Amino acid sequence: MSTATKEFTKQQAFLTYLLRLADDRLILGQRNAEWCGHGPQLEEDLALANISLDLIGHATALYEYAAEVEDEGHDEDHFAFFRDDRDFTNLQLCELPKGDFGFTIARQFLFSAFGYFQYERLKEADDEQFSGMISKHLKEIKYHLRHSREWVLRLGDGTEESHNRIQESFDELWMYIDELFYMDEVDDLLMKEGIAIDSSEFRKEFKKLVEDTLTEATLTVPDWDQFMMSGSRKGIHTEHLGHLLAQMQFLRRSYPDAEWK
């Protein structure tokens, strides 16, 4: 299901596209949720919890629509809890361990910056239900971007330790940036249908926002031409995703018929 082929129909392509968007948000939301009760201060603990809930909420809505598009009787829980790691198509950036606070902020900033430009264009998609969902989620993405950017500036231009830690975080995350702009035949087919967008069109805007922010934070911009990871949209992941899914899916798989009473 995660592997694109040249014989994709519009329905199959749209299902794949929705799952890619949803998987990114579910996995990153799960990672950020690991900070619940461990934030550096109470307000930030609550902020990260809220961002996690937003991301998981976005994923839930996308999974619900994916189930509708698939039309095989599945629901959002099927996509979240009953698929194996090779079926997930989330970015490797999202599945990396949470690391320290600087790492979490650097990742959220990069993901939110890309998501902002992506959703600004997707809100014009030629599918009323999809575009309406995107427009609603975009309001929260703007908050995620503003919040994480402010923390990048604070940590980068803060103490020597905070500066060094977030610099190391960006250096470590940099090799995963290229996957944000991955496109294949799924995107090509949906672009012809007026649903998907060409992410290369806003690559310069993304690069400028990231460079301007890092420079303002007194950080060094890593090399854009360094080695970049790839493969997640085809189901290739780091060793970390399997461990995350084992924890996230354990209860639901152990008691598949359980219900809240």
Side-chain angles (χ1 to χ4, degrees), residues 1-5 8 11-34 51-70 72 74-98 104 107-108 110-116 118-119 122 125 130 133-134 137-138 140-141 144 173 176-187 190 195-197 199 229-250 252-253:
M1 183 164 55
S2 62
T3 303
T5 70
F8 260 22
Q11 179 198 26
Q12 292 168 325
F14 198 16
L15 172 62
T16 300
Y17 199 76
L18 289 167
L19 291 179
R20 288 175 178 178
L21 291 171
D23 288 347
D24 288 346
R25 284 146 186 84
L26 176 67
I27 298 303
L28 184 56
Q30 184 73 11
R31 276 295 181 221
N32 286 347
E34 293 175 5
I51 290 173
S52 299
L53 288 173
D54 288 344
L55 290 168
I56 293 171
H58 298 176
T60 302
L62 288 161
Y63 283 141
E64 287 175 346
Y65 195 25
E68 189 176 324
V69 170
E70 185 190 42
E72 291 189 5
H74 291 142
D75 61 11
E76 63 275 21
D77 282 359
H78 165 79
F79 294 120
F81 298 115
F82 295 99
R83 289 186 297 151
D84 297 326
D85 55 350
R86 288 301 300 265
D87 296 324
F88 273 77
T89 53
N90 60 275
L91 299 161
Q92 292 179 19
L93 177 85
C94 299
E95 71 199 38
L96 299 173
K98 70 179 179 59
T104 293
R107 170 167 55 188
Q108 187 62 52
L110 293 170
F111 185 78
S112 298
F114 178 85
Y116 167 72
Q118 180 187 39
Y119 271 46
L122 281 179
F130 181 57
M133 185 190 313
I134 293 296
H137 297 172
L138 180 59
E140 292 168 338
I141 290 174
H144 301 170
L173 287 163
Y176 299 95
I177 285 180
D178 215 39
E179 279 201 321
L180 290 164
F181 294 91
Y182 173 83
M183 293 178 61
D184 61 13
E185 53 267 47
V186 171
D187 302 85
L190 293 179
I195 296 175
I197 46 97
S199 57
M229 300 292 288
S230 63
S232 60
R233 296 307 193 198
K234 301 287 186 182
I236 299 172
H237 297 282
T238 69
E239 70 273 23
H240 307 296
L241 181 62
H243 295 289
L244 182 150
L245 291 178
Q247 288 187 322
M248 188 184 80
Q249 296 178 336
F250 168 74
R252 193 69 175 86
R253 288 200 180 209

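One is the number of the first residue; the rest follow in order along the sequence. Since we're looking at a predicted model, the values are computed, not measured. FYI, side chains are in, hydrogens and waters are out, and symmetry mates aren't considered; it's all heavy atoms of this structure.
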What distance separates [X] [atom1] from [Y] [atom2], expressed to the nearest 0.5 Å?
X	Y	atom1	atom2	result
Y119	I134	OH	CD1	4.0 Å
F81	L245	CZ	CG	10.5 Å
I51	L28	CD1	CG	9.0 Å
E70	H78	CD	NE2	6.0 Å
H240	I27	NE2	CD1	13.0 Å
D23	F79	CG	CZ	9.5 Å

According to side chain to side chain contact (heavy atoms under 4.5 Å, CB included), who are the partners of [X], at least two apart in sequence or on a separate chain?
X	result
T60	I56, E64, E76
Q247	none
S52	N32, A33

Q) Would you call D24-R233 a salt bridge at under 4.0 Å N-O? A)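 Salt bridge: yes.
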Q: List the atom of E179, the atom of L91, and the distance in Å for their closest heavy-atom pair.
A: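 In this case the closest contact between E179 and L91 is O-CD2, 3.4 Å.
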Q: Measure across A13 and F8 and return the closest heavy-atom pair with its distance rounded to 0.1 Å.
A: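 The pair with the smallest heavy-atom distance is CA-CD2, 3.7 Å.
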(Q) Let's go through Y63 and L26 carefully: what are the C-alpha distance in whole Å and the side-chain angles of both, what is the deciding distance for side chain to side chain contact (heavy atoms under 4.5 Å, CB included) to 0.1 Å, and is it a yes or a no? (A) CA-CA 10 Å; Y63 283 141; L26 176 67; 3.5 Å; yes
**Q.** Heavy-atom donor-acceptor pair, Q92 side chain to L241 backbone, under 3.5 Å
**A.**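 No; judged by distance alone, with no hydrogens or angles, the pair does not exist.
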Q: Could you check if a side-chain atom of F111 sits within less than 4.5 angstrom of a side-chain atom of C94, using non-hydrogen atoms only?
A: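 When only atoms from C-beta onward are counted, C94 and F111 do touch, with a gap below 4.5 Å.
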Residues that [X] engages under side-chain hydrogen bond (donor to acceptor under 3.5 Å, both in side chains), provided they are two or more places apart:
X	result
E34	R31
D75	none
S199	none

(Q) For a salt bridge (Lys or Arg N to Asp or Glu O under 4.0 Å) check, start with the C-alpha distance between R20 and D184, then their side-chain angles and the critical distance, and finish with the verdict. (A) CA-CA 12 Å; R20 288 175 178 178; D184 61 13; 2.8 Å; yes
Q) Between N90 and H237, does a side chain to side chain contact (heavy atoms under 4.5 Å, CB included) hold up when you go through it step by step? A) CA-CA 9 Å; N90 60 275; H237 297 282; 3.6 Å; yes
Q: Please state whether the rings of F114 and F181 are parallel, tilted or perpendicular, taking 30° and 60° as the class boundaries.
A: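 Answer is perpendicular, since the angle exceeds 60°.
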Q) Under the side chain to side chain contact (heavy atoms under 4.5 Å, CB included) criterion, do R25 and L21 qualify, and how do the steps go? A) CA-CA 7 Å; R25 284 146 186 84; L21 291 171; 3.9 Å; yes
Q | Geometric cation-pi criterion R83 and F88, 6.0 Å radius, 45° cone | A |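 So R83 does make the cation-pi contact.
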Q. What do the steps show when you test E95 against Q30 for side chain to side chain contact (heavy atoms under 4.5 Å, CB included), and what is the final call?
A. CA-CA 9 Å; E95 71 199 38; Q30 184 73 11; over 6 Å; no
